[in-house]
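I have placed the structure first, in the form of structure tokens, so that the comments after it can refer back to it.
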Amino acid sequence: CLLATEGILFAYLIFSYAYLGVQAPGGWPPGGAPAIRLALPNTILLIASSIVLEFGHWRYRSGTDNSAAPILGITAVMGALFIWIQLMEWGNKSFGLGDSSYSSIYFTLTGLHGLHVTGYGKLLRIAGDRRDGMAARDKLGQNFAADVSGGADQCDLHVSLRASAV
């Protein structure tokens, strides 16, 4: 349900961006095409973080490595770096939130995406912390089983962490 809600929200915002572009008098976007000096590295970073997360998921599922927390941590740090670069990109804009319909949809779309990345970064941290705690309890010989879903449900980047006593 959450995945569908987020997908519909982003689809609506992207449609709004396209609609405003078609309706705008003159060139779109105002001021010409956006610079990709920060956007391109940020896109590469975001894709790379998905690959790192999927690699950790594969290693955990294959039994190669039971410690997924470092991979989750690396992914969360990559997400934080993404947010930092996005804030730098915002600072370089010559327009503000209320300057035009373009600026409003730009900041709304990128802001909600940043909020999405931040929220899932926090869920990855929680999943990693819970996984470390379960591994420590497992070493003490306590019997338990837990299933923790980390914050990467999007696009089959689902991290399901399961620990059980031997």
Side-chain angles (χ1 to χ4, degrees), residues 1-24 26-62 65 67-129 131 148-161:
C1 185
L2 178 62
L3 179 61
T5 302
E6 287 188 42
I8 290 168
L9 175 63
F10 281 108
Y12 176 74
L13 288 172
I14 291 169
F15 171 79
S16 298
Y17 178 85
Y19 177 79
L20 289 172
V22 170
Q23 299 298 319
W28 184 261
I36 61 168
R37 183 179 64 86
L38 291 174
L40 181 62
N42 225 14
T43 301
I44 292 169
L45 179 65
L46 201 58
I47 292 168
S49 70
S50 297
I51 293 168
V52 168
L53 184 59
E54 187 60 29
F55 175 71
H57 181 224
W58 172 80
R59 283 187 63 169
Y60 183 80
R61 287 289 181 196
S62 70
D65 185 5
S67 177
I71 299 291
L72 296 177
I74 290 168
T75 305
V77 167
M78 291 173 88
L81 183 58
F82 171 85
I83 295 298
W84 180 67
I85 294 171
Q86 186 65 51
L87 290 173
M88 286 185 359
E89 188 175 9
W90 279 6
N92 292 335
K93 295 297 178 192
S94 61
F95 51 84
L97 177 64
D99 289 351
S100 67
S101 58
Y102 171 74
S103 64
S104 295
I105 196 70
Y106 171 81
F107 284 112
T108 300
L109 185 57
T110 57
L112 283 174
H113 185 247
L115 185 62
H116 166 86
V117 170
T118 301
Y120 278 96
K122 290 185 182 296
L123 288 174
L124 287 171
R125 170 99 192 250
I126 291 168
D129 290 348
R131 173 68 183 131
V148 180
S149 289
D153 293 336
Q154 315 302 328
C155 303
D156 197 31
L157 295 178
H158 178 72
V159 178
S160 178
L161 304 174

Run the side-chain donor-acceptor check on residues 75-87: report pairs under 3.5 Å with partners two or more places apart or on a different chain.
| unit_1 | atom_1 | unit_2 | atom_2 | d |
| --- | --- | --- | --- | --- |
| Thr75 | OG1 | Ile71 | O | 2.9 |

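- Using bins of under 30°, 30° to 60° and over 60° for the plane-to-plane angle, the ring pair His116/Tyr120 lands in the tilted bin.
- In this structure the side chain of His113 never reaches within 4.5 angstrom of the side chain of Leu109, judged on heavy atoms.
- Partners of Leu40 by side chain to side chain contact (heavy atoms under 4.5 Å, CB included), not counting sequence neighbours, listed by chain and number: Ile36, Ile44.
- Scanning for ring pair (Phe, Tyr, Trp, His ring centres under 6.0 Å) contacts around Phe107 gives Trp90, Phe95, with sequence neighbours left out.
- Across Ser104 and Gly98, no two heavy atoms sit closer than the pair OG-CA, 4.5 Å.
- The closest donor-acceptor contact from the side chain of Asp99 to the backbone of Gly96 lies under 3.5 Å.
- A heavy-atom distance below 4.5 Å is not found between the side chains of Tyr106 and Leu97.
- Heavy-atom contacts from other residues, nucleotides or ligands closer than 6.0 Å to OH of Tyr12 number 12 or fewer.
- Under the side chain to side chain contact (heavy atoms under 4.5 Å, CB included) criterion, Ile105 pairs with Leu13, Ser16, Tyr17, Leu20, sequence neighbours left out.
- Here Ser103 contributes atom OG and Lys93 contributes atom NZ; the two are 11.0 Å apart, rounded to the nearest 0.5 Å.
- Side-chain atoms of Val52 and Ser49, non-hydrogen and from C-beta on, never get closer than 4.5 Å to each other.
- The list of side chain to side chain donor-acceptor pair (under 3.5 Å) pairs with a residue in residues 32-44, not counting sequence neighbours, is empty.
- The structure places CD1 of Ile51 at 10.5 Å from CG of Leu46, a figure rounded to the nearest 0.5 Å.
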